[in-house]
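To start, the structure itself, in structure tokens.
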Amino acid sequence: MKDLSDKDLVNAASMLDYSVDAFRARIPTSMHLEEKASETLALEVVQTVDFDCPVYIERADGCRLIDVDGNSYIDLTMGFGAHVLGLRPRSVEAAIKEQAGKGWHFGIHNQLQFQLADLIAAARPNNEQIAFCNSGTEATMYAFRLARAITGKAKIGVFDGAYHGAHDYALVKVDPTSCVTKPRAVLDGAGIPSWVRDESAIALPYCHPAAFDQIRENKDDLALVCVQPVQNNNPSLDNKEWLAELIQVCHDCNVLCLFDEVVSGFRLAYGGAQEVFELTPDFTVYGKSIGGGLPVGAIAGPRAIMEGFKSVSTDSGVFFGGTFNGNPLTMAAGVGALGTLSKDRDIIYPALNARSDRLVKDINTFAQDNEFPFQAVNAGSLICFHFQSERIRSFRDLNNRGSFAERAFYVELLNYGVLVPAIHLAFLSHAHNDTDVDMIVDAVKASLFAIRDMKLI
């Protein structure tokens with residue numbers, strides 16, 4: 001990436017403003033809504049969705065989003081990975097409509113819970129029992145609590161570059177300036193007590209053998225090691241051996257191993273990353289894809305672990321509750337989504353992953369041929385764009401986040417009709433066809449040429 005002089009920075013800011021203004025001229029209604037939202041909303045969606053250009057969506061279908069001004073975009077957000085089948089797939093829409101005619105919230109048991117639980121149980125042999133909640137954040141929160149109850153130990157091991165939700169115990173990250181082999185934990189934002197960092201978390205280096213030494217050294221305090229088998233910001237499928245050793249070390253140290261498959265589950269394959277890697281952790285958390293686009297989370301594992309949720313009347317019972325847990329509308333949507341994925345898995349996943357691989361290969365070939373400091377990386381249909389040519393092994397290798405070039409690139413993509421959220425994650429779906437992939441590749445090429453013309457790279 002170019003080092004910009006003060007004069008270049010001024011010019012870059014001016015060019016970015018020009019690009020932003022050009023797009024904003026196309027979205028007058030969205031601009032009005034953004035102004036209105038600032039009056040009453042403290043925050044929209046999540047903090048990480050920070051577009052230079054606000055886009056308010058009116059409707060969705062297949063792989064396309066249509067905004068309130070009528071502009072159409074090829075969507076690579078896909079509900080942050082939730083929509084493996086695409087936006088508003090007919091099987092999910094029909095299931096929601098049918099259940100809505102019967103009622104959408106009871107607060108009492110419903111039989112759809114069994115149907116969705118059976119579909120999740122069928123994904124992996126270790127998914128003997130399922131507990132539903134309302135988000136991936138809730139799933140990891142309950143899983144952490146369950147691990148502490150089972151082991152009688154307090155600390156949770158988390159890896160650098162990971163994200164496990166928005167509850168206090170998950171908002172511990174690694175200081176990137178700390179030692180690689182013995183990373184230092186820091187809190188991710190204000191309002192979290194310092195004892196969460198000091199007394200309940202251990203920071204571990206991802207895909208590094210030093211993590212095993214850390215687990216062994218802290219085994220008397222560690223209840224659980226939580227890992228994303230495929231990390232969001234560094235998706236890769238070359239870490240099978242490291243993950244296998246991680247599971248073994250945890251077992252040897254009497255530490256539970258949890259796979260966070262909130263994003264990768266039912267996306268990389270019907271059995272998620274565990275199916276791809278042929279590995280089995282102690283238990284798993286899911287989210288995103290199992291709800292057909294409605295809010296959901298789940299903890300899945302063998303009976304010996306999951307029985308901890310059975311009763312709080314005993315000293316070892318773990319409290320688990322939620323008014324909307326297992327609600328019939330979400331369960332119906334999930335059955336519609338996973339039912340289709342289960343039935344057609346031998347068709348859907350090979351085609352989706354091959355299409356994703358082609359997208360990444362075509363982009364990287366173009367970037368290399370034209371000497372752009374840019375790359376796409378992927379694990380199946382989970383894709384990430386980075387403004388650098390160097391190989392990325394961990395989050396410490398990531399640089400140039402928020403640069404003028406990067407910001408301008410995503411604005412240009414919008415101008416070319418492709419929507420990628422500001423967190424740089426992209427997802428293909430079953431609804432994207434080969435023509436859509438070609439259009440995405442062309443948009444990336446044109447956007448990179450545009451920011452080169454701006455002298456940003």
Side-chain angles (χ1 to χ4, degrees), residues 1-5 8-26 49-53 55 63-65 71-78 232-236 355-379 381-392 397-428 432 434-457:
M1 191 68 66
K2 288 178 62 176
D3 292 324
L4 301 179
S5 66
D8 289 337
L9 285 171
V10 172
N11 290 336
S14 176
M15 292 177 199
L16 176 59
D17 288 342
Y18 180 83
S19 186
V20 168
D21 289 344
F23 181 75
R24 286 182 173 179
R26 298 170 50 194
V49 180
D50 183 21
F51 286 110
D52 279 292
C53 302
V55 179
C63 70
R64 294 187 177 268
L65 293 172
N71 300 301
S72 178
Y73 311 89
I74 298 176
D75 180 38
L76 293 180
T77 310
M78 287 293 131
N232 297 345
N233 61 9
N234 184 28
S236 174
R355 204 166 280 133
S356 302
D357 288 343
R358 180 173 76 83
L359 171 71
V360 168
K361 180 180 178 181
D362 287 355
I363 289 173
N364 286 338
T365 298
F366 166 80
Q368 291 163 11
D369 289 348
N370 291 274
E371 298 183 343
F372 283 106
F374 182 88
Q375 64 179 298
V377 293
N378 75 305
S381 58
L382 198 170
I383 302 163
C384 201
F385 298 136
H386 297 298
F387 266 78
Q388 59 191 86
S389 302
E390 304 82 11
R391 182 183 175 188
I392 298 163
D397 296 327
L398 299 176
N399 54 44
N400 294 304
R401 284 294 194 217
S403 68
F404 280 116
E406 186 180 51
R407 290 172 59 196
F409 171 75
Y410 289 105
V411 174
E412 289 300 323
L413 277 183
L414 285 172
N415 274 311
Y416 287 104
V418 175
L419 195 153
V420 182
I423 59 172
H424 319 293
L425 269 177
F427 300 90
L428 282 189
H432 291 89
D434 288 331
T435 299
D436 297 317
V437 170
D438 291 338
M439 294 174 70
I440 295 166
V441 172
D442 287 344
V444 169
K445 292 177 179 180
S447 298
L448 288 172
F449 276 133
I451 62 176
R452 175 170 282 177
D453 290 343
M454 296 179 193
K455 303 187 186 306
L456 296 178
I457 55 175

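Atoms considered below: every heavy atom in the structure, side chains included; atoms not considered: hydrogens, waters and symmetry mates. What you see is a predicted model; the values in this text were computed from it and never measured.
The distance between the ring centers of F366 and F372 falls below 6.0 angstrom.
Between F23 and V55, some side-chain heavy-atom pair lies under the 4.5 Å cut-off.
The CZ atom of R407 lies 13.0 Å from the CD atom of E412; values are rounded to the nearest 0.5 Å. For the atom pair T77 OG1 and F427 CZ, the distance stands at 9.0 Å (nearest 0.5 Å). Rounded to the nearest 0.5 angstrom, L419 CG and S72 OG are separated by 10.5 Å. Atom OG of S19 and atom CE of M454 lie 4.0 Å apart (nearest 0.5 Å). The distance from atom CZ of R452 to atom CG of N370, rounded to the nearest 0.5 Å, is 6.0 Å. Separation of atoms CG (L76) and OG (S381) is listed at 11.0 Å; rounding is to 0.5 Å.
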Below 3.5 Å, can you tabulate the donor-acceptor pairs from side chains in residues 436-450 to any protein atom, sequence neighbours excluded?
unit_1 : atom_1 : unit_2 : atom_2 : d
D436   : OD2    : N433   : N      : 2.9
D438   : OD1    : R358   : NH1    : 3.0
D438   : OD1    : R358   : NH2    : 3.3
S447   : OG     : L413   : N      : 3.4
S447   : OG     : A443   : O      : 2.8

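The closest donor-acceptor contact from the side chain of H386 to the backbone of P373 lies at 3.5 Å or more, if one exists at all. With hydrogens and angles ignored, the 3.5 Å screen pairs a side-chain donor or acceptor of Q375 with a backbone N or O of Q388. Checking side-chain atoms of D75 against main-chain N and O of M78 turns up a donor-acceptor pair under 3.5 Å.
Summarising the geometry of I451 relative to A405, their closest heavy-atom pair is CD1-O, 3.7 Å, with the distance given to 0.1 Å. Across every non-hydrogen atom of A376 and V360, the tightest pair is O-CG1, 3.3 Å. Minimum interatomic distance between L414 and C53 (heavy atoms only, all atoms of both residues): CD1-CB, 4.2 Å. Across I383 and L428, no two heavy atoms sit closer than the pair CD1-CG, 4.2 Å. Closest approach of S236 to A379, counting heavy atoms only: N-CB, 3.8 Å.
Relative ring orientation between F385 and F409 is described as perpendicular, the plane-to-plane angle rising above 60° on a 0-90° scale split at 30° and 60°.
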